Amino acid sequence: MIDQTERDLFQKELNFLKELRAKVSEEEEHMSTMIEDEITHIESVLNETEVK
């Protein structure tokens, strides 16, 4: 389980990555897979954990 502070930090990172994904240019396309993988991971952590 994660506490509310950790959950908030994960949410901020998720929001940042989603914004970053929207700004990735064609020249940086190789990064989009990495960003997408991290987004998926963070979303799964947030969905699978309870708040203490």
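Predicted model only: the values in this text are computed from it and were never measured.
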To the nearest 0.5 angstrom, please state how far the [atom1] atom of [X] sits from the [atom2] atom of [Y].
X   : Y   : atom1 : atom2 : answer
E38 : T40 : CD    : OG1   : 9.0 Å
H30 : I35 : NE2   : CD1   : 9.0 Å
L20 : I39 : CG    : CD1   : 8.0 Å
E26 : S32 : CD    : OG    : 11.0 Å
I42 : D37 : CD1   : CG    : 11.5 Å

Between E43 and K18 (salt bridge meaning N to carboxylate O under 4.0 Å), is one present in this structure?
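Salt bridge between E43 and K18, a charged N being under 4.0 Å from a carboxylate O: yes.
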
Donor on one side chain, acceptor on other, Q11 and N15, under 3.5 Å
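On atom types as modelled, these side chains qualify, holding a pair under 3.5 Å.
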
Strictly by modelled atom types, are E28 and S25 linked by a side-chain donor-acceptor pair under 3.5 Å?
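Judged by distance alone, the side chains do pair up.
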
Is it the case that the side chain of [X] and the backbone of [Y] share a donor-acceptor pair, with hydrogens and angles ignored and the cut-off at 3.5 Å?
X   : Y   : value
S44 : H41 : yes
E48 : V45 : no
R21 : E36 : no

Check for me, please, whether F16 and L9 land in the same ILVMFWY cluster - side-chain distances under 4.5 Å, paths through other members count.
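No, it is not one cluster - the side chains of F16 and L9 are not joined through contacts under 4.5 Å.
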
